[in-house]
Every structure is written in structure tokens, then in C-alpha cells.
Protein chains: 2
Amino acid sequence: MAYSKQRELILKTVLNNRIHPTADTVFSLLKPDHPELSLATVYRNLNQLAKQGLLLKIPVPNGADHFDGTLEAHYHMICEQCSQMVDVPKEYVPEFDSQIAEKTGCAIHSHTIVFYGLCESCNRTPHASC
Amino acid sequence: MAYSKQRELILKTVLNNRIHPTADTVFSLLKPDHPELSLATVYRNLNQLAKQGLLLKIPVPNGADHFDGTLEAHYHMICEQCSQMVDVPKEYVPEFDSQIAEKTGCAIHSHTIVFYGLCESCNRTPHASC
DNA sequence: ATAGGTGCAAAGTCTTTGCGCTTAA
DNA sequence: TTAAGCGCAAAGACTTTGCACCTAT
């Protein structure tokens with residue numbers, strides 16, 4: 001993988017922010033200081049970094065994919081008000097996969113859990129813009 | 001909700017098939033016998049039926065929404081080969097929500113678990129078209 | 001030199017929506 | 001008759017891709 005300034009910036013943006021940004025969020029954060037940057041480049045690099053295992057790509061039903069610098073498998077929560085994604089303090093349970101595989105004859109490779117609700121700040125101030 | 005022939009057909013299609021069809025699948029199943037049917041009508045009715053609680057809408061990361069005639073909360077598995085969705089024999093665990101809510105100060109309303117792997121038939125015959 | 005990366009704009013997938021016509025109640 | 005529903009085509013959100021140019025190695 002040949003070095004590129006853009007990829008470095010994109011990776012840094014995901015790692016240095018505890019938010020789980022979408023491609024568009026990364027783009028918006030970088031665009032002001034890097035006006036030549038293209039959204040396509042952001043998508044390409046986020047996908048590539050995820051493929052290399054440097055980031056986690058978290059696809060979200062009915063919404064843009066989020067990217068996460070935390071590499072260990074874990075679960076997420078999406079705020080129904082501000083669409084922000086946060087990590088959930090629940091230990092990952094790899095045994096779920098084998099339990100299902102055993103019962104069904106399917107080959108289970110992984111699973112995701114997504115919680116829906118209001119994030120801490122939206123829960124406190126329901127009408128804030130977050 | 002005023003009766004319509006189209007809605008009846010769409011609902012029947014979801015209920016009578018144990019597959020969890022997408023809007024497009026429903027459309028394809030009905031189109032041959034109902035050439036005038038519009039995909040927009042299928043989307044509108046599936047969403048409406050889900051809102052009325054007659055169906056479950058199952059949004060899927062990076063894929064089309066599936067619709068399910070089984071109303072009790074339950075979990076799903078998506079086949080990575082044929083994209084078919086199947087129910088998973090794992091009891092729904094509503095306590096997950098309150099556990100997370102308690103630990104975080106978020107208001108958790110619901111959660112979904114999606115398993116990824118190969119469905120039974122794809123697992124047996126890896127190269128079949130399903 | 002050349003494989004890989006970039007920006008741009010076009011295309012692709014899934015879904016919703018505006019509008020004029022039709023139909024159930 | 002009138003609110004609800006339909007078909008069609010356009011638009012919207014998110015993402016990928018083709019292409020000509022640029023850059024790290």
C-alpha cells in the first residue's frame with residue numbers, strides 16, 4: 001500500500017475522534033483544511049483501511065456506514081435523535097455464533113448487535129441539536 | 001386504512017412465504033400475475049403494513065430491507081452467499097436493553113442481532129445459486 | 001518507469017415522493 | 001363525493017466506479 005497524505009489524514013481523523021464517523025463526517029472534518037479532498041477518496045481509503053484491519057467498518061441499517069478505530073469486536077448503539085453512534089459497555093459474546101451454528105447447520109461467521117435509543121446527551125436534553 | 005387489492009396481495013406474499021422478502025422480491029413474485037403493479041406501491045404498502053404492526057420491517061446493513069410476517073421480536077441471520085434472511089433459534093433477550101440503559105444513562109428502546117454466515121443450503125452446496 | 005493513488009463526474013442501489021388519475025367507503 | 005390508494009417518473013441518500021492525471025517507490 002503506497003503512502004498517501006490523504007489516507008494518513010483520514011485514518012488519523014477516525015483514530016483521534018472517539019465519535020464513530022461516517023465517510024461524510026470524515027470528509028466534512030477534513031474539507032476545510034484540505035479543499036481539494038474528494039469524498040470518493042474518503043470512501044476508498046476508509047474501505048481500504050478497514051480491509052487492512054486498521055479500522056472497523058460498521059454498516060448501519062438505514063444509514064451511512066460508520067468507521068471505528070476500536071478494533072476489538074464490540075457492540076454499538078445508535079441515537080435515534082442525533083444518529084451518533086456510541087460503543088456499548090457489553091462484553092462481546094463469541095459463543096453466540098457457535099450456539100446458532102450448532103442448532104441450525106448454518107456456518108456462522110460473526111454477528112452484530114445494535115441498540116437503538118437516545119444517547120446520553122439527547123436523553124438529558126431531548127431537544128438539543130446534539 | 002381503505003382496502004386495496006394490492007395491499008392484500010403484498011401482505012399475503014409476505015405471510016405465505018417463510019422467506020423474508022425484500023420489497024423487490026415481493027414485487028418480482030407478484031409482477032408476473034399483476035403486470036400493472038408498481039414497485040412504489042410495494043414499498044408504500046410494506047411500510048404501511050409494518051407501521052400498522054402487521055409485518056416486521058427488518059432493515060439490513062448494506063442491503064435492502066427485509067419484511068417478516070413473524071411478529072414476535074426475534075433475531076436473524078443473513079447468508080453471505082445468497083443474501084437470504086432466516087430466523088435464528090435464539091430466544092429474544094429484552095433485558096439487554098435495560099442492562100445497557102442502566103450502565104450508560106442512555107434510553108434504550110430496542111436492539112437487533114444479525115448473524116452473518118452461510119445458510120443451511122449454501123453451507124451444504126457452496127457453489128449452488130440458492 | 002510504473003503501480004498505486006487522486007479528483008471529478010457519472011452511474012448504481014435502494015427507497016421515497018410529487019402528481020394526476022382511480023377507487024373504496 | 002372525498003379521502004385513500006395507485007402507477008409512473010423523478011429525486012434523494014449513500015456508495016462505487018471509470019477515466020485522465022499525479023505521485024510514491
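Letters go in sequence order (proteins before strands), and every chain restarts at 1.
Rounding to whole angstrom units, NZ of residue K51(B) and C1' of dG5(D) are separated by 15 Å. With rounding to whole Å, D65(A) atom CG is found 17 Å from dT13(C) atom P. We find that CG of L9(B) is positioned 14 Å from C1' of dG5(D), with the value rounded to whole Å. Between the C1' atom of dC14(D) and the CZ atom of F67(A) lies a distance of 11 Å, rounded to the nearest Å. Atom CZ of F27(A) is separated from atom C1' of dG7(C) by 10 Å (rounded to the nearest Å). Note: CD (Q6(A)) to P (dT6(C)) measures 5 Å, nearest angstrom. Rounded to whole Å, the distance from CE on M1(B) to C1' on dC6(D) is 15 Å. Counting to the nearest Å, the C1' atom of dA4(D) and the CZ atom of R44(B) are 11 Å from each other.
Residue N62(A) places none of its side-chain N or O atoms closer than 4.0 Å to OP1 or OP2 of dC14(C). Contact check, Q48(B) against dG5(D): a side-chain N or O comes under 4.0 Å of OP1 or OP2. Contact annotation: N47(B) reaches the phosphate of dT16(C) (side-chain N/O to OP1 or OP2, under 4.0 Å). The phosphate of dT6(C) (OP1 or OP2) has a side-chain N or O of S4(A) nearer than 4.0 angstrom.
Looking only at side-chain heavy atoms (C-beta outward), H111(A) and I100(A) stay at 4.5 Å or farther from each other. Between L15(A) and F67(A) the shortest side-chain heavy-atom distance does not fall below 4.5 Å. Proximity of V26(A) to N17(A): side-chain heavy atoms (C-beta onward) are nowhere separated by under 4.5 Å.
C79(A) and L118(A) make their closest contact through SG-CA, 3.9 Å (heavy atoms, listed as atom of the first residue, atom of the second, distance). Nearest heavy-atom pair across H74(A) and L56(A) is CE1-CD2, 4.1 Å.
Nucleic acid contact class of D24(A) (heavy atoms, under 4.0 Å, all strands): none. At the heavy-atom level, K5(A) lies nowhere under 4.0 Å from the strands shown. Y43(A) comes within contact range of at least one nucleobase, with a heavy-atom separation under 4.0 Å. Residue contacts shown for A64(A) are limited to sugar-phosphate atoms, with no base heavy atom under 4.0 Å away.
Comparing A2(A) and A2(B) against DNA chain C, the residue whose closest nucleotide sits nearer the 5' end is A2(A).
With hydrogens and angles ignored, the 3.5 Å screen pairs no side-chain donor or acceptor of R7(B) with any backbone N or O of R44(B). Using modelled atom types, no side-chain atom of H20(A) and backbone atom of H66(A) make a donor-acceptor pair closer than 3.5 Å.
Of the residues in residues 28-38 of chain A, those placing a heavy atom less than 4.0 Å from an atom of DNA chain C are E36(A), L37(A), S38(A), in numerical order.
Sorted by first then second residue, the salt bridge (charged side-chain N to carboxylate O under 4.0 Å, His left out) pairs that include residues 53-69 of chain B, not counting sequence neighbours, are K57(B)-D65(B).
Separating the OG1 atom in T112(B) from the CZ atom in F96(B) is a distance of 12.0 Å, to the nearest 0.5 Å.
Side-chain contact of S28(B) with T25(B): a donor-acceptor pair under 3.5 Å is absent, judged by distance alone.
Distances from the side chain of R7(B) to the nucleotides dG5(D), dA24(C), dT15(D) place dG5(D) closest.
Between its two ends, the helix from dA1(C)-dT25(D) to dA25(C)-dT1(D) turns its axis by 20°, counting five pairs per end and rounding to 10 degrees.
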